[in-house]
Protein chains: 2
Amino acid sequence: MFSGNGRSGVADAEILAGELQLEAIEKPAERAYQGIRHAILSGALPGGSHLPEEALAQMTGTSRTPVREALRRLVAEGLARADNRHRYVADFSYQELKIVFNIRARLESYASRIAAELITEAEIAELERIVERIDEIGDTADPAQVRLFADLNTRFHTTIVGATRSIQMQSLSAQAISLPLELIKQFVWEQRVNIARSNNQHRDIVAALRARDPEWAESAMSGHILSTRPRRKAVSLS
Amino acid sequence: MFSGNGRSGVADAEILAGELQLEAIEKPAERAYQGIRHAILSGALPGGSHLPEEALAQMTGTSRTPVREALRRLVAEGLARADNRHRYVADFSYQELKIVFNIRARLESYASRIAAELITEAEIAELERIVERIDEIGDTADPAQVRLFADLNTRFHTTIVGATRSIQMQSLSAQAISLPLELIKQFVWEQRVNIARSNNQHRDIVAALRARDPEWAESAMSGHILSTRPRRKAVSLS
DNA sequence: ATGGCGATATTTGTGTACAAACATCGCTCG
DNA sequence: CGAGCGATGTTTGTACACAAATATCGCCAT
């Protein structure tokens, strides 16, 4: 996944299945996608690893057909790259990560600007519920709690992006967000991203939306995302 | 493709093949992709049309496997959308188009900012060659010339985006750009987008890049893209 | 020893058969 | 006459067999 790691083959199928409770996922397509994605993000498949379809099919307990679909999705999301023939795990440099975060800041701040005019009361209420639930978590390093925070955080951002009513915005944001949001889990853990501070920023954003103030919303979101950008040292993993 | 059109079934295979010289495309995967894409952009498949795999396979003269791949690409690019079961031609509102252009402006202006620091002399020379060749076209409504302009224009923008050396930037831009760039062909035709003015803007952008001035480059690119945004009346088609 | 050539193995691409999910229509029964 | 239920058709999902492309290795000739 990240630069500077050695190469390795495909991870052991049983280990992966065990870690992920893959056996619980019914549909092969989803099974293949989640399985490969997890293997990449967890570092089981380091950056640059070759991704042969047959091996991945074995690994995820499906056949090549759903694996092919999964690989296409992953390439589209930027977690894998493809040359003429093969596919490999993407290899992110620090520079690349920085750019992705900046793009995300620009996209989501624009989304917030639009959302300030289009968001419904119900959606604002939803955002407030999310903020309250994050409050209950507080600062912690407990894995389960961190995962819960990551989920709520994702819902917060996708709710705002959804409020733009733009399919293209949702599609582009999803791509730009998927990687940063995964990384946040790592950062909260390793670097102690301040959950409380992050949630205070969430509160500001909700206030801006409630005030129907596009400039404020745009600015608040931009600051929020940029404040969670990784610092250099944090990007050695995994 | 656009709002307000009626529904229709899949276009006639022979007509499509004839228009596109599909028979010249060897590989089924590319054949299916180009064929469906063209059917969508040309309006043969209006916005909201259902996209059944078997029918598209017949239409493009391939089998369902490459069609499935093509559909996934098109969904990823935003030209088609998917619900739980089916896929349909995307339906763009004026609001959606406006957002896409604004996103593109934000993405590419950021790309220009980065490119100002990373672009090579060879790439700058390439941009200058493109500008010169567009100069030779001048303002015209000749379809072949318009197509040539569209190609050169695409190369101009992808060269700059490529100069960021960021895979993610290239991937996101490609998605945000594909639709606008297709539409430009229509606009040049229907609305007489001013090729000369557009190329003068290109010249400014190249000057900014040559001067290694990130702010200027960012600003020039932003203005360039926003100046080509469709006006409301132009979006009735197709 | 080295360069080129051909056999071989690996990987991806394509087509197709079959299964599953879902919607639709019509029938029967109340 | 209407509601519910089941049969039927349509569409997508999955697996697999085979074909094509490409890289690799070893052999032979120079």
Side-chain angles (χ1 to χ4, degrees), chain A residues 7-11 13 16-17 22-37 39-40 45-77 79-90, chain B residues 7-11 13 17 22-37 39-40 45-76 79-90:
Chain A
R7 304 288 149 124
S8 87
V10 168
L16 180 64
L22 261 196
E23 67 279 355
I25 300 176
E26 296 288 334
K27 298 189 171 179
E30 198 57 21
R31 224 180 124 92
Y33 173 72
Q34 297 290 346
I36 300 168
R37 186 168 190 273
I40 292 174
L45 293 173
S49 301
H50 182 42
L51 295 167
E53 294 174 0
E54 181 56 46
L56 295 172
Q58 268 192 259
M59 182 182 90
T60 57
T62 66
S63 78
R64 277 179 57 212
T65 307
V67 165
R68 286 173 69 84
E69 279 185 19
L71 287 175
R72 287 181 195 284
R73 281 177 70 182
L74 291 164
V75 168
E77 289 171 9
L79 287 175
R81 64 192 163 79
D83 62 15
N84 286 334
R85 188 171 180 71
H86 299 284
R87 261 148 266 162
Y88 306 89
V89 176
Chain B
R7 306 285 151 126
S8 89
V10 168
L22 261 195
E23 66 281 355
I25 300 175
E26 296 287 335
K27 297 191 173 181
E30 199 58 20
R31 224 178 124 92
Y33 173 72
Q34 298 290 346
I36 300 169
R37 185 167 191 274
I40 292 174
L45 294 171
S49 300
H50 182 42
L51 295 167
E53 295 174 0
E54 182 56 45
L56 295 172
Q58 267 191 258
M59 181 183 91
T60 57
T62 65
S63 76
R64 280 179 55 211
T65 307
V67 166
R68 288 173 67 84
E69 277 184 20
L71 287 175
R72 289 185 188 281
R73 280 177 72 181
L74 292 164
V75 169
L79 287 176
R81 65 192 163 79
D83 62 14
N84 288 332
R85 188 169 181 71
H86 299 283
R87 262 147 276 169
Y88 307 88
V89 176

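The sequence lines fix the lettering, A, B, ..., with proteins before strands; numbering per chain opens at 1.
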Quiz item: Roughly how far, to the nearest 0.5 Å, is CD1 of A:I36 from CG of A:L79?
Solution: 11.0 Å
Quiz item: Could you walk me through whether A:L56 and A:L71 pass the side chain to side chain contact (heavy atoms under 4.5 Å, CB included) check?
Solution: CA-CA 10 Å; A:L56 295 172; A:L71 287 175; 3.9 Å; yes
Quiz prompt | Outermost nucleotides of DNA chain C that come under 4.0 Å of a non-hydrogen atom of chain A | solution = C:dT11 to C:dT14
Quiz item: Can you name the residues that form a side chain to side chain donor-acceptor pair (under 3.5 Å) with A:E69, not counting sequence neighbours?
Solution: B:R68, B:R72
Practice problem: Can you sort out the partners of A:N84 under side chain to side chain contact (heavy atoms under 4.5 Å, CB included), two or more places apart, ordered by chain and number? | Solution: none
Please list, pair by pair, any protein nitrogen or oxygen found under 3.5 Å from a nitrogen or oxygen in nucleotides 12-15 of chain D.
| residue | atom | partner | partner atom | Å |
| --- | --- | --- | --- | --- |
| D:dT12 | OP2 | B:E53 | N | 2.9 |
| D:dG13 | OP2 | B:R68 | NH1 | 3.2 |
| D:dG13 | OP2 | B:R68 | NH2 | 3.4 |
| D:dG13 | OP2 | B:R87 | NH2 | 3.1 |
| D:dG13 | N7 | B:R64 | NH2 | 2.9 |
| D:dG13 | O6 | B:R64 | NH1 | 2.9 |
| D:dT14 | OP1 | A:P28 | N | 3.4 |
| D:dT14 | OP1 | A:A29 | N | 3.2 |
| D:dA15 | OP2 | A:S63 | N | 3.1 |
| D:dA15 | OP2 | A:S63 | OG | 2.9 |
| D:dA15 | O5' | A:S63 | OG | 3.4 |
| D:dA15 | N7 | A:T65 | OG1 | 2.5 |

Practice problem: Kindly write out the residues that satisfy side chain to side chain contact (heavy atoms under 4.5 Å, CB included) with B:S63, not counting sequence neighbours, or none if the list is empty. | Solution: B:T65, B:P66
Quiz item: A:A76: what forms a side chain to side chain contact (heavy atoms under 4.5 Å, CB included) with it, not counting sequence neighbours?
Solution: B:A76
Practice problem: With sequence neighbours left out, write down each residue that passes side chain to side chain donor-acceptor pair (under 3.5 Å) with A:R64, or none if nothing qualifies. | Solution: A:E53
